[in-house]
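Heads up: the structure comes next, in structure tokens.
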Amino acid sequence: MKEKFKQPESAIRLLFGAFTLLCLLAALLAAACGQGELFAGVGRICTQSGQTVKSFFDASYGGVAGTFLNAALVCAVCLGIYCLPGSKPDGVSVLAFFLTAGFCFWGTTILNIWFSFAGVALFCAVKKKSPGSMANAFLFSTGLAPLITEMLFRYPGEAWHGFTALGFVLALAVGVFIGLVFPAALTHSPKMHKGYDLYNAAVPIGLTAFFLRALLYKVFTPAPPETQSVGLADGFELVSFLFCGVVFGLAILCGLLLGGGRKYPKLLRSTGYNADFGAEFSPAAGILNFGVYGVFIVLYYCAVGAVWNAATLGCVFCMVCCCFKGSHPLNVFPIMLGYAAANCIAEWICGLTGAEFSMALDAQAIVIGVCFANGLSPVAGEYGWFAGVLFGMAHYTLVTCVPLLHGAFCLYNGGFTAAFCCFLFVPVLETFCKTKAERKRLNTSSYEKS
């Protein structure tokens, strides 16, 4: 087993397989305990609106059993893609897999993934690329899965019309458009944010969502249907804590047994900028970071009083997905402090003006927002904790406004918001500030001269 884990590709596939199996076991146990029907729950998830954040744990959706089965099925498909010839999973693949897995709890279904997959497959055929080499693009293309569901069951009106031939054609057309445009734009995304947004795919997905929202709901129809947020009363603490405890506990144990603890202190000192922890340190250290960082996220959500519905549980995995690509507790903590600082300032000003304060740290939109703000961790790593705090505050300010651009159809809203923070403030940092490495070189040079 240790020999397999020495190769990043094998270790990553085994990590994916283990998580898929745990989701399946959770689904079977939940069904046995009467926490929802398996297949009927998946059916309800697939045929209801995913335009915005929905808690799939609710009995009117999938129930706990149906939600975990949906996650297991989607993860199994994703694992299959990473086993295709030509696929070489790396840190970006870990990000893509667990980001997709997280959204299986509130946006991505085993039905709506296939339409954008068809578009990426067509891209592969046109460009003569093997599907395995485009595995990451397949998974990232699901960032507009809620829009596919809308095309399939509701568009062009507001009434839910169910499955029709026209809906199928519209969903396929939109999926093919996404699949053809997104992979081409993805390669240029790092140039836009200069590598400081770990959710690299959020830029082309967000811009594609912006275009399609304008085309479909401004040019062709008046406006998208109104969105509804997850209710805060539907908490499932026991289910969430048990699942996270098993997943992250096993990851920590596995990482330690495989020797990841020896290199983990070095990983914690990494800036996270253009990083791949599995290749740079070891797959075992990356898996250990997966577990430790996951526990860190769970403790943060407990500290702020987040309600543990399906969306919050999904956020944990949407956040921990960066564990191989640049995020760890030390470079994410300043971002969280930025959210807390912005929250205190906003609450104080609202108290002075008498305005209603709706952006508390335990509000669902802010819980989801801080999840994707962790994509800015390279900023804190490169420029220091104070820059991380400021970027966290900027993200807090923007995250609830960006959905106006894409009509809440883009699952990667928080990553898209992080990109906006980079567009605006990274040039400011580069103009007025120096990275930690540059400051160290200057101090060393000054010391040698003296």
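- For Arg44, the salt bridge (charged side-chain N to carboxylate O under 4.0 Å, His left out) criterion is met by Glu37, not counting sequence neighbours.
- Judged as a side chain to side chain contact (heavy atoms under 4.5 Å, CB included), and not counting sequence neighbours, the contacts of Phe220 are Tyr155, Leu215, Leu216.
- Ring geometry, Phe211 versus Phe177: the interplanar angle falls under 30°, so the pair is classed parallel (tilted spans 30 to 60°).
- Using a 4.5 Å cut-off on side-chain heavy atoms (C-beta onward), Ile81 and Pro131 make no contact.
- A pairwise comparison of heavy atoms in Leu267 and Gly286 identifies CD1-N, 4.4 Å as the closest pair.
- When all heavy atoms are compared, the tightest approach of Leu398 to Cys421 is CD1-SG, 4.0 Å.
- A donor-acceptor pair is defined here as one N or O able to donate and one able to accept, closer than 3.5 Å; no such pair exists between the side chain of His406 and the backbone of Thr208.
- Applying the side chain to side chain donor-acceptor pair (under 3.5 Å) test to Ser93 and every residue at least two apart in sequence or in another chain returns Asp90, Asn136.
- A donor-acceptor pair under 3.5 Å links the side-chain atoms of Thr187 to the main chain of Ala184, judged by distance alone.
- Here the side chain of Ser189 pairs a donor or acceptor atom with the backbone of Asn200 at under 3.5 angstrom.
- Taking SG of Cys318 as the reference point, atom CZ of Phe103 lies at 4.0 Å (rounded to 0.5 Å).
- Note that the OG1 atom of Thr400 and the CD1 atom of Ile366 stand 6.0 Å from one another [nearest 0.5 Å].
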Please tabulate, for the side chains in residues 117-130, all donor-acceptor contacts under 3.5 angstrom to protein atoms that are two or more places apart in sequence or on a different chain.
from: Ser130; atom 1: OG; to: Ser133; atom 2: N; distance (Å): 3.4
from: Ser130; atom 1: OG; to: Ser133; atom 2: OG; distance (Å): 3.2

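- Ser60 is linked by a side chain to side chain donor-acceptor pair (under 3.5 Å) to Asp58, counting only residues two or more places apart in sequence or in another chain.
- In this structure, Leu313 CG and Thr67 OG1 are separated by 9.5 Å, a value rounded to the nearest 0.5 Å.
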I'd like to know whether Gln364 forms a side-chain contact (heavy atoms from CB on, under 4.5 Å) with Asn309, so could you lay out the CA-CA distance, the side-chain angles of the two residues, the decisive distance to 0.1 Å, and finally the verdict. CA-CA 10 Å; Gln364 193 71 62; Asn309 51 38; 2.7 Å; yes
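- Residues Thr312 and Ser240 are not in side-chain contact: their nearest non-hydrogen atoms beyond the backbone lie 4.5 Å or more apart.
- A distance of 10.0 Å separates CD1 of Ile368 from CG of Leu411, quoted to the nearest 0.5 Å.
- Screening Phe105, Phe19, Phe236 for a ring-ring contact (aromatic ring centres under 6.0 Å, His included) involving Phe68 leaves a single residue, Phe105.
- The shortest distance between side-chain heavy atoms of Thr417 and Asn413 falls below 4.5 Å.
- Thr271 pairs by the side chain to side chain donor-acceptor pair (under 3.5 Å) definition with Glu382, not counting sequence neighbours.
- Atoms CG and CG, from Leu242 and Leu238 in turn, are 4.5 Å apart once rounded to the nearest 0.5 Å.
- Contact of the Met319 side chain with the Val332 side chain is registered, since non-hydrogen atoms from C-beta on lie closer than 4.5 Å.
- Pro378 pairs by the side chain to side chain contact (heavy atoms under 4.5 Å, CB included) definition with Tyr196, Leu198, Tyr273, not counting sequence neighbours.
- Using bins of under 30°, 30° to 60° and over 60° for the plane-to-plane angle, the ring pair Phe290/Phe98 lands in the tilted bin.
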Show, in sequence, the C-alpha distance, side-chain angles and deciding distance for Glu9 and Ile12, and conclude whether the side-chain contact (heavy atoms from CB on, under 4.5 Å) test is met. CA-CA 5 Å; Glu9 296 170 17; Ile12 288 170; over 6 Å; no
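- Looking at Leu38 and Leu28, their side chains come closer than 4.5 Å, going by heavy atoms from C-beta outward.
- Applying the side-chain hydrogen bond (donor to acceptor under 3.5 Å, both in side chains) rule to pairs touching residues 243-267 yields Tyr264-Asn289, sequence neighbours excluded.
- Partner Phe243 forms a ring-ring contact (aromatic ring centres under 6.0 Å, His included) with one of Phe248, Phe57, Phe317 and no other, that one being Phe317.
- Note: Phe423 and Phe420 have perpendicular aromatic rings, judged against thresholds of 30 and 60 degrees for the angle between ring planes.
- The two residues Ala418 and Leu376 come nearest to each other via the heavy atoms O-CD2, 3.6 Å.
- The shortest heavy-atom contact between Ala30 and Val64 is CB-CG1, 3.6 Å.
- In this structure, the side chain of Asn274 does not engage the main chain of Gly195 through any donor-acceptor pair within 3.5 Å.
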Distance-only donor-acceptor hits, side chain of residues 138-145, under 3.5 Å, sequence neighbours excluded:
from: Ser141; atom 1: OG; to: Ser116; atom 2: OG; distance (Å): 3.1
from: Ser141; atom 1: OG; to: Phe138; atom 2: O; distance (Å): 2.6
from: Thr142; atom 1: OG1; to: Leu139; atom 2: O; distance (Å): 2.6

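- With contacts defined as side-chain heavy-atom distances shorter than 4.5 Å, the pair Val370/Tyr301 qualifies.
- Aromatic pair Tyr82/Phe16: ring centres closer than 6.0 Å.
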CA sep, side-chain torsions, deciding dist, call: Val292, Leu268, side-chain contact (heavy atoms from CB on, under 4.5 Å): CA-CA 11 Å; Val292 173; Leu268 289 175; over 6 Å; no
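- No side-chain N or O of Asn70 forms a donor-acceptor pair with one of Thr109 less than 3.5 Å apart.
- With a 4.5 Å cut-off on side-chain heavy atoms, His193 and Val426 do not count as touching.
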Assess whether side-chain contact (heavy atoms from CB on, under 4.5 Å) is satisfied between Tyr383 and Phe391, documenting all intermediate values. CA-CA 11 Å; Tyr383 285 94; Phe391 268 66; over 6 Å; no
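- In this structure, the side chain to side chain contact (heavy atoms under 4.5 Å, CB included) partners of Ala171, at least two apart in sequence or on a different chain, are Phe115, Ile148, Met151, Leu152.
- Between Phe416 and Phe372, the ring centre distance reaches or exceeds 6.0 Å.
- Ring to ring, Phe56 and Tyr61 are close: their centroids are under 6.0 angstrom apart.
- Remark: Thr108 engages no residue in a side chain to side chain donor-acceptor pair (under 3.5 Å) (not counting sequence neighbours).
- Here the shortest heavy-atom pairing between Ser327 and Asn374 reads OG-OD1, 2.9 Å.
- Surrounding CZ of Phe241 are more than 12 heavy atoms belonging to other residues, nucleotides or ligands, all under 6.0 Å away.
- The shortest distance between side-chain heavy atoms of Trp308 and Cys302 falls below 4.5 Å.
- Judged purely by atom type and a 3.5 angstrom limit, His395 has no side-chain atom pairing as donor or acceptor with the backbone of Gly338.
- The side chain to side chain contact (heavy atoms under 4.5 Å, CB included) search around Thr20 returns Cys75, Ala76, Phe97, not counting sequence neighbours.
- Between Ala135 and Ser87, the shortest heavy-atom distance links the atoms CB-OG, 4.1 Å.
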